[in-house]
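Single-structure report; data block below.
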Amino acid sequence: MTTLPVIAVVIPCYNEAEALPVSAARIRGILMSLADSGEISNDSYILCVDDGSGDGTWGVIEKLAADGEHIAVRGIALAHNRGHQYALLAGLNEAALTCDAAVSIDADLQDDPEAIVEMIRRFREGDEIVYGVRASRDTDTHFKRNTARAFYKLQNMMGLETVYDHADYRLMSRRALEILGQYREHNLFLRGIIPQIGLSHSIVTYDRGTRVAGESKYPLRKMLSFSIDGITSFSARPMRWIFGTGLSLLVIDVLISIYVLVALISGTAVSGWSSLMLSVWFLGSLILIAIGIVGEYIGKIFIEVKDRPRYNISKRAGY
C-alpha cells in the first residue's frame with residue numbers, strides 16, 4: 001500500500017462493563033505501537049457496539065470516547081438488543097465508511113489481540129480477509145472440545161463452507177466489507193457468509209486465553225441455537241433428508257404390507273399391540289421432527305419477507 005491504512009477494531013459488547021476497559025486499553029496499546037512504528041495510520045480507531053446492554057456498558061464507552069487519546073475510541077448503541085451477529089454487522093457497516101480494513105474481536109479477549117499485528121501485515125501484503133483460527137483446543141474441557149468438533153462436522157455435513165475453529169475474529173478489507181454489505185438476509189450467520197465473498201484470504205493462528213472479566217455470553221443453549229441458525233440459513237439438506245427418509249419408510253411399509261398379507265393368507269397372523277404402538281410412536285415422532293424442520297425454514301422465510309430494518313442505532317459517541 002502507498003499510504004498507511006486506517007484500521008478499525010470493531011468490538012461488539014453486551015453487558016461488558018467489566019471487561020471493556022481492560023480490552024480497550026490493551027487493543028489501543030497494540031494500535032498505538034503499530035501507528036508509532038509507521039505500519040498503520042494515526043487515524044485508526046476502536047469502534048465499540050453496545051448491543052442493548054443493561055449493566056452500564058454505554059457509560060464505559062462514552063468515557064473511553066472522551067479520553068482524548070490519539071487512537072480514538074468511538075461508540076454506537078443499538079436501540080434494542082439484537083444479538084451478537086447483528087451488533088457485529090452494525091459495527092462492520094459503520095467502519096466500512098471510514099476505514100481501509102476492520103478487525104472484529106470480542107470484548108472478553110479470549111481471542112489473542114496480538115494476532116492483530118500479523119493480520120495487518122497480511123493485509124498490507126495483499127490479503128483482503130484474514131481469519132483468526134485457534135491453534136488448538138487443549139485448554140477446553142472434554143465436553144466443550146467434543147461439542148465444538150460436532151458443531152463443525154455437522155456444518156460440513158449440511159454443506160456449509162466455514163473455517164474450522166474460527167469464530168468471528170478476522171480482518172476484512174474495505175472492499176470485503178462493501179461486498180458484505182450487499183448481503184441483505186436477516187438470518188445472520190457471518191461465519192458462513194464471509195467465506196462466500198471469495199476474495200484473497202489467509203489464516204493466522206493464535207492460542208485462546210481466558211476471559212479478562214465477566215461471564216460467557218454463549219452457553220450451550222445459545223450455541224445450539226446458533227448452529228441451527230447457521231444450518232437453516234445456508235442449507236436445504238435437512239429437508240432433503242426428510243424426503244429421503246420418507247422414501248425409505250415407503251419401501252419399509254411395502255415390505256411390511258407384503259409380510260402382513262402373507263401372514264393373513266397362511267393364517268398365522270397374530271394381533272400385536274406392542275408392535276403397533278411402537279410403529280405409531282416412531283412414525284409420530286418422525287412426523288413431528290419433520291414438521292419442526294420445515295417450520296424452521298418457514299419461520300425464516302416469514303422473517304425475510306417482512307424486510308424490517310435489521311437494527312437501529314440510537315446513540316453515538318466519539319464522532
Side-chain angles (χ1 to χ4, degrees), residues 1-12 27 30-31 34 39-41 43-49 84-107 109-135 148 151-152 155-156 158-185 187-208 226 229-231 233-235 310:
M1 300 184 67
T2 56
T3 58
L4 296 180
V6 175
I7 303 298
V9 177
V10 177
I11 308 176
I27 292 169
I30 293 170
L31 295 182
L34 290 169
E39 295 181 63
I40 65 173
S41 170
D43 293 328
S44 299
Y45 59 92
I46 298 170
L47 176 60
C48 301
V49 184
H84 179 271
Q85 296 290 280
Y86 280 100
L88 179 54
L89 181 68
L92 293 176
N93 286 342
E94 185 79 9
L97 303 174
T98 54
C99 75
D100 295 301
V103 178
S104 56
I105 185 171
D106 288 340
L109 290 194
Q110 286 187 283
D111 300 319
D112 184 7
E114 296 295 334
I116 293 174
V117 177
E118 179 63 17
M119 289 181 177
I120 293 172
R121 186 184 70 79
R122 299 281 185 91
F123 166 66
R124 298 193 69 188
E125 290 177 353
D127 288 329
E128 300 209 56
I129 302 174
V130 184
Y131 298 103
V133 174
R134 295 182 61 171
F151 173 74
Y152 288 106
Q155 288 181 334
N156 289 333
M158 295 298 177
L160 273 73
E161 181 184 355
T162 56
V163 179
Y164 188 78
D165 273 349
H166 163 71
D168 285 301
Y169 186 25
R170 67 180 75 86
L171 177 146
M172 299 179 69
S173 70
R174 185 169 188 169
R175 182 162 73 131
L177 293 171
E178 290 171 348
I179 295 174
L180 176 63
Q182 297 173 20
Y183 286 78
R184 303 305 305 165
E185 59 254 51
N187 298 290
L188 285 177
F189 186 67
L190 294 176
R191 300 180 201 182
I193 293 174
I194 291 171
Q196 293 186 352
I197 292 176
L199 300 178
S200 59
H201 62 273
S202 62
I203 288 174
V204 170
T205 59
Y206 63 92
D207 293 320
R208 189 168 170 85
F226 191 51
D229 283 343
I231 291 167
S233 295
F234 283 88
S235 176
R310 293 186 288 186

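Since we're looking at a predicted model, the values are computed, not measured. Just the heavy atoms: all of them, side chains too, but no hydrogens, waters or symmetry mates, feed the values below. Position 1 is the first residue of the sequence; numbering continues from there.
Of all non-hydrogen atoms in Ala95 and Ala8, the two that sit nearest each other are CB-CB, 3.9 Å. The minimum heavy-atom distance linking Arg174 with Ala96 is given by the pair NE-O, 3.1 Å. Across every non-hydrogen atom of Gly91 and Val49, the tightest pair is CA-CG2, 3.6 Å. Arg310 and Arg184 make their closest contact through NH2-NH1, 3.0 Å (heavy atoms, listed as atom of the first residue, atom of the second, distance). Between Tyr206 and Gly132, the shortest heavy-atom distance links the atoms CE2-C, 3.5 Å. Contact between Tyr131 and His166 at its shortest, heavy atoms only, is CD2-NE2, 3.5 Å.
At least one side-chain heavy atom of Ile46 sits under 4.5 Å from a side-chain heavy atom of Ile11. Looking at Leu199 and Ile179, their side chains come closer than 4.5 Å, going by heavy atoms from C-beta outward. Using a 4.5 Å heavy-atom threshold, the side chains of Leu177 and Cys99 count as touching. Considering only heavy atoms from C-beta on, Leu89 comes within 4.5 Å of Leu180 through its side chain. Here the side chains of Leu4 and Asp100 are not in contact, with every heavy-atom distance at 4.5 Å or above. In this structure the side chain of Arg191 reaches within 4.5 angstrom of the side chain of Asp168, judged on heavy atoms.
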May I have the step-by-step check of side chain to side chain contact (heavy atoms under 4.5 Å, CB included) for Ile194 and Arg170, ending in yes or no?
-> CA-CA 10 Å; Ile194 291 171; Arg170 67 180 75 86; 3.2 Å; yes

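For the atom pair Phe123 CZ and Ser200 OG, the distance stands at 10.0 Å (nearest 0.5 Å). To the nearest 0.5 Å, atoms OG (Ser44) and CD1 (Ile30) are separated by 13.0 Å. The structure places CG of Leu109 at 5.5 Å from CD1 of Ile27, a figure rounded to the nearest 0.5 Å. Here Ile193 contributes atom CD1 and Glu185 contributes atom CD; the two are 4.0 Å apart, rounded to the nearest 0.5 Å. Rounded to the nearest 0.5 Å, atoms CE (Met172) and CD (Glu128) are 9.5 Å apart. Taking NE2 of His84 as the reference point, atom CG of Leu188 lies at 11.5 Å (rounded to 0.5 Å).
Not a single donor-acceptor pair under 3.5 Å links the side chain of His201 to the backbone N or O of Val130. Side-chain atoms of Glu39 never come within 3.5 Å of backbone atoms of Arg121 as a donor-acceptor pair (strictly under, hydrogens ignored). The backbone N or O of Ala167 sits nowhere less than 3.5 Å from a side-chain atom of Arg134 that would complete a donor-acceptor pair. With hydrogens and angles ignored, the 3.5 Å screen pairs no side-chain donor or acceptor of Ser104 with any backbone N or O of Leu92.
Arg208 and Asp112 are not joined by a salt bridge, as no carboxylate oxygen comes within less than 4.0 angstrom of a charged side-chain nitrogen. Residues Arg175 and Glu178 are not paired through a salt bridge, judged by the lack of any N-O separation under 4.0 Å between the basic side chain and the carboxylate.
Residues Tyr169 and Asp106 have side chains that never bring a donor and an acceptor to within less than 3.5 angstrom of each other.
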